[in-house]
K.L.:
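Next up is a structure, given as structure tokens.
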Amino acid sequence: MGEQKKIGILTSGGDCAGLNAVIRAVTQRAVGTYNWEVLGICRATNGLMHRPPQVITLAPDNVDALLTKGGTVLGTTNKGNPFAFPMPDGTLRDRSDDIIEGYHQLGLDALIGIGGDGSLAILRKIALQGNLNFVAIPKTIDNDVGVTERSIGFDTAVNIATEALDRLHFTAASHDRVMILEVMGRDAGHIAISAGIAGGADVILIPEIPYTLENVCRKIKERQERGQHFSVVIVSEAVCTEAGEVVTNSDRFGGCRLGGIGQYLADRISASSGAETRVTVLGHIQRGGIPSPLDRLLASAFGVAAVDLIAAGQYDQIVTWQNRQVVNVPIESAISKYQAVDANSTLVKTARGLGICLGD
Ligand code: F6P
């Protein structure tokens, strides 16, 4: 048994299925194998800014039921960059030193951060600034973190989007409609291409492949001419209008979210093909719910490996999934490479091979 340690764990960025399974795995490994103390930090770095720092003591008994629980019991946020943190008086303040101080106040020996590329870049910057021992675990339904083939939450989101397509097929066929499913994924089309193939979509539109409405409508008309008076389309939220404009919604917090391309397509497809169209925006359903078995496996493997990195004194590392194994690499290499869908990838070739229209 090595030296006694106290480690912190936090979840950061948008939630997804499988975060609690990581918290469970980290706790079981750290407490069960190494007999360390594990503190769960509340609401991402906000818990370390708070005085006293807001934490939950994690023990194998209280994480037992977390394997299948959606969301994150620690809470999270995808707002409020600590380097320009919105203060109650309306000003922006650099709170990075408060986070570093929170880490020391808790007497932490190391910190595990579970996040996507944006939040991991912020956490790494803070760790370098404060010389903190930091290990990262990738999560995001968008699956856009570089180097790792998979991030926690992606598989569950694909399962949910696929099930939505399965359901839409029945109602599309019953009413001779074109059903359009708009899915998340930020700037990458991973959810759409995977669910589109798995769910038998007729058209898949992703931001990485430019499309024309003419090509999309041609596919729908071809199907109509063959007696298939319905079609199912899946579109990534970041797909632009034909004129190249990103479609967004703004909110009262000043945020700007992707969304609305489904309705844009529906209006034009209806006008051009004469088909009745309906739009389903899947939204946050993709982030919620029980993690798939694959996400539970990934979460468990990543959690154990992250703790083992700390035991080995290896920091500034991220655990990744490559060729059926967990491989650790410098965090920098994962966050410096944005992983969009490769237009020459097997999945894109598969979609084309199946006769699915990609709009180009
Ligand atoms: O990054 C995850 C994600 O779900 C994106 O796919 C989506 O664009 C965004 O977060 C939605 O963010 P919010 O939860 O702030 O609406």
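Keep in mind that the numbers below use all heavy atoms, side chains included, and drop hydrogens, waters and symmetry copies. Bear in mind the structure is a predicted one, so any value in this text is a computation, not a measurement. Note that ligands are numbered from 1 as they come in the structure, with each ligand's atoms numbered from 1 the same way. All residue numbers in this chain count up from 1 along the given sequence.
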K.L.:
Excluding sequence neighbours, so at least two apart, what forms salt bridge (Lys or Arg N to Asp or Glu O under 4.0 Å) with R51?
P.N.:
E101
K.L.:
Under 3.5 Å, is there a donor-acceptor pair between the N159 and T162 side chains?
P.N.:
no
K.L.:
Other than V246, which residues form its hydrophobic cluster under the rule that side-chain heavy atoms must be closer than 4.5 Å?
P.N.:
L258
K.L.:
Compile the donor-acceptor pairs under 3.5 Å between side chains in residues 198-208 and protein atoms, sequence neighbours left out, one pair per line.
P.N.:
residue : atom : partner : partner atom : Å
D202    : OD1  : R223    : NH1          : 3.1
D202    : OD2  : V232    : N            : 2.7
E208    : OE1  : G189    : N            : 3.3
E208    : OE2  : G189    : N            : 3.0
E208    : OE2  : V341    : N            : 2.8

K.L.:
Do E276 and S270 come within less than 4.5 Å of each other through their side chains, counting heavy atoms only?
P.N.:
no
K.L.:
Is a side-chain donor or acceptor of R95 paired with a backbone partner of A84 at a separation under 3.5 angstrom?
P.N.:
no
K.L.:
Select all protein residues for which some heavy-atom-to-ligand 1 distance is less than 4.0 Å, and list them by chain and number.
P.N.:
N78, I141, D142, M184, G185, R186, E237, R257, H284, R287
